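Worksheet: one structure, shown below.
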Amino acid sequence: MKKAKIIKFGSPLMIVEEDEPTKIPYNYAKVKIVANGICGTDVKLAYGEGLRPNLPLVPGHEPAGIVIDMNTEEKEFLEIKGKQVVIYPHLSCGNCENCITGKENICLNIKGSLGINVDGALQEYIVLPLRNLIPLPSNVGIEEGALAGGVVSVPLHGIREIGDLVGKYVLVIGTGGLAFAAIQILKYGGAYVVTAGRKPEKLQIALNLGSDAIIDTNEDYISKARALTPLGKGFDAVIDLAGSSIEVLRSIKTLKRGGLFIMIGYSAEQLNLDYSKIVLDGIKIFGSRSYTRKDLKDSLKLISEGKVKPLITERFGLYDINKAISLVKEGKSVGRIIIRIDKSN
Ligand SMILES: [Zn+2]
Ligand SMILES: [Zn+2]
């Protein structure tokens with residue numbers, strides 16, 4: 001079977017031919033991967049910027065596929081044989097205090113995350129624990145299903161921290177696939193949404209998706225953004241999806257006293273935060289790591305009900321993986337790029 005591998009940071013990924021997996025441990029399944037989304041994390045991995053796993057590594061952490069074989073007698077799993085599934089990428093332990101309370105995204109004994117530090121989905125077949133496989137609703141296509149995790153669940157996990165969204169003022173920093181999903185989730189929940197970014201064509205998409213106002217980050221926008229909130233008191237929450245320290249330091253100044261700063265984007269940079277302002281204004285900071293199984297199931301429901309639509313702008317076969325990574329690196333892709341593992345180009 002074919003797989004894409006990062007052999008050396010900064011070098012093109014290689015497509016190699018290896019044997020298909022044959023052993024399936026108890027409560028595991030063999031999945032034929034069909035589609036996988038490519039995002040900025042794959043760029044970080046390919047270039048070793050901020051993420052430097054042991055190499056070689058098969059990337060791919062936004063996958064969906066078809067269960068072709070399994071080894072189980074558990075009733076709850078038997079019914080997914082032959083079904084289309086989205087793959088939950090974190091190999092959590094299931095027993096620690098975080099796993100037990102539904103926070104398996106920050107499992108204390110995590111064995112790894114697919115495509116991040118263990119081999120992921122840019123290969124034709126993979127053997128995985130059955131509990132990592134979530135069946136797709138019948139009206140959700142396999143490409144949208146692949147993006148339920150990496151595109152919809154990631155912002156959903158952070159947004160949940162806000163609580164009831166009705167009437168809340170939320171500033172979204174960024175105009176990529178995660179921001180576009182965040183806008184749709186926030187609008188569905190009843191929030192007033194302002195989107196900040198530097199590319200006019202992407203800000204226009206934010207407006208089309210329901211953002212109530214937009215902010216151009218090429219300008220000094222702090223007072224302009226605050227003026228959009230009731231009595232200029234500031235936002236209830238800021239969601240940073242851009243992962244730029246400059247933008248974090250600016251946008252945190254748009255928060256209301258007691259406001260919530262949700263960090264989803266990240267980079268290898270250090271943050272030089274205004275220490276006293278954080279304390280004296282009672283600012284809360286939430287580092288929102290990835291998502292839980294519940295987030296993934298809820299995201300599939302949002303997609304299935306038409307409340308959120310992940311934006312797919314390009315599709316490539318596995319042999320074009322380097323083209324896909326370049327497009328993301330250069331910021332040339334408006335929505336998500338899907339790699340179709342079942343197609344060669
Ligand atoms: Zn991703
Ligand atoms: Zn755990």
Side-chain angles (χ1 to χ4, degrees), residues 37-44 49-51 61-62 105 147-162 165 168-189 191-199 201-218 221 225 235-255 259-269 271 284-291 295 299 302 308-311 313 328-329 331-337:
I38 298 297
C39 75
T41 297
D42 299 299
V43 175
K44 286 184 178 131
E49 289 167 358
L51 290 170
H61 61 277
E62 300 182 0
N105 57 317
L147 301 184
V151 174
V152 184
S153 300
V154 170
L156 178 65
H157 185 74
I159 288 169
R160 279 191 200 284
E161 202 65 16
I162 302 172
L165 294 171
K168 293 280 166 61
Y169 279 69
V170 183
L171 177 63
V172 175
I173 309 290
T175 50
L178 296 180
F180 296 152
I183 293 164
Q184 296 175 71
I185 297 166
L186 289 163
K187 286 313 297 176
Y188 173 58
Y192 181 90
V193 181
V194 179
T195 308
R198 55 196 161 89
K199 294 190 177 150
E201 66 280 11
K202 292 197 175 183
L203 287 170
Q204 185 56 49
I205 296 172
L207 285 174
N208 298 346
L209 289 171
S211 184
D212 296 284
I214 50 173
I215 291 281
D216 178 357
T217 56
N218 294 305
Y221 62 84
F235 288 90
D236 295 288
V238 172
I239 304 175
D240 177 53
L241 300 157
S244 140
S245 64
I246 296 168
E247 236 40 82
V248 170
L249 295 176
R250 287 207 290 179
S251 61
I252 203 165
K253 293 182 183 154
T254 69
L255 275 177
L260 172 66
F261 196 92
I262 301 167
M263 291 183 176
I264 297 178
Y266 65 95
S267 74
E269 299 168 83
L271 269 180
K284 296 184 282 281
I285 298 179
F286 178 63
S288 182
R289 180 185 170 133
S290 196
Y291 53 92
D295 294 325
S299 296
L302 286 169
V308 178
K309 196 168 168 47
L311 188 63
T313 40
V328 177
K329 185 171 167 50
K332 285 188 184 153
S333 182
V334 176
R336 259 305 189 263
I337 298 176

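Note that the structure is predicted; figures quoted are calculated from it, not measured.
Shown here for A196 and T175, the closest heavy-atom pair between the two residues is O-CG2, 4.3 Å. The shortest non-hydrogen separation linking P310 to V152 is CG-CG2, 4.1 Å. Summarising the geometry of L178 relative to G150, their closest heavy-atom pair is CD2-O, 3.0 Å, with the distance given to 0.1 Å. The minimum heavy-atom distance linking T195 with L203 is given by the pair O-CD2, 3.7 Å. Minimum heavy-atom separation, C39 to V328: C-CG1, 3.8 Å. Taking both residues in full, the closest heavy atoms of V172 and L186 are given as CG2-CD1, 3.6 Å, listed atom of the first, atom of the second, then distance.
Of the inter-residue distances, the one linking I214 atom CD1 with I205 atom CD1 reads 11.5 Å to the nearest 0.5 angstrom. Atom CG of L209 and atom CD of Q204 lie 10.0 Å apart (nearest 0.5 Å). Annotation: the span from L207 atom CG to K202 atom NZ amounts to 15.0 Å, rounded to 0.5 Å. S288 OG to L241 CG: the interatomic distance, rounded to the nearest 0.5 Å, is 9.5 Å. Taking CZ of F286 as the start and CD1 of I262 as the end, the distance is 7.5 Å to the nearest 0.5 Å.
In this structure a side-chain-to-backbone donor-acceptor pair under 3.5 Å is missing from D236 to V170. Proximity of a side-chain donor or acceptor of Q184 to a complementary backbone N or O of K309 within less than 3.5 Å is detected. Of the possible donor and acceptor atoms, none in the side chain of R198 sits under 3.5 Å from a partner among the backbone N and O of G174. Between the S153 side chain and the A148 main chain, a donor and an acceptor come within less than 3.5 Å of each other. The backbone N or O of H157 sits nowhere less than 3.5 Å from a side-chain atom of E161 that would complete a donor-acceptor pair. In this structure, the side chain of T217 engages the main chain of G197 through a donor-acceptor pair within 3.5 Å. For K187 (side chain) and A191 (main-chain N/O), a donor-acceptor pair under 3.5 Å exists by modelled atom type. N105 places no side-chain N or O within 3.5 Å of a backbone atom of S290 that could act as its donor or acceptor partner.
For A268, the side chain to side chain contact (heavy atoms under 4.5 Å, CB included) criterion is met by no residue, not counting sequence neighbours.
Taking 4.5 Å as the limit, some side-chain heavy atom of T41 sits within range of a side-chain heavy atom of L51. Here the side chains of F261 and L255 are in contact, with some heavy-atom distance below 4.5 Å. At least one side-chain heavy atom of I159 sits under 4.5 Å from a side-chain heavy atom of L165. Within the 4.5 Å cutoff, the side chain of Y221 has heavy atoms near those of the T254 side chain.
Residues R336 and E62 are paired through a salt bridge, judged by an N-O separation under 4.0 Å between the basic side chain and the carboxylate.
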Test side-chain contact (heavy atoms from CB on, under 4.5 Å) on M263 and L271 and set out the steps.
CA-CA 12 Å; M263 291 183 176; L271 269 180; 3.6 Å; yes
Stepwise side-chain contact (heavy atoms from CB on, under 4.5 Å) test for I173 and I239
CA-CA 6 Å; I173 309 290; I239 304 175; over 6 Å; no
Go through the steps to decide whether S251 and F235 satisfy the test side-chain contact (heavy atoms from CB on, under 4.5 Å), and finish with yes or no.
CA-CA 10 Å; S251 61; F235 288 90; over 6 Å; no
When you look at V194 and Y169, which way does the side-chain contact (heavy atoms from CB on, under 4.5 Å) test go after all the steps?
CA-CA 8 Å; V194 179; Y169 279 69; 5.8 Å; no
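Taking the ring axis of Y266 as reference, the NZ or CZ atom of K44 stays within 45° of it and closer than 6.0 Å to the ring centre.
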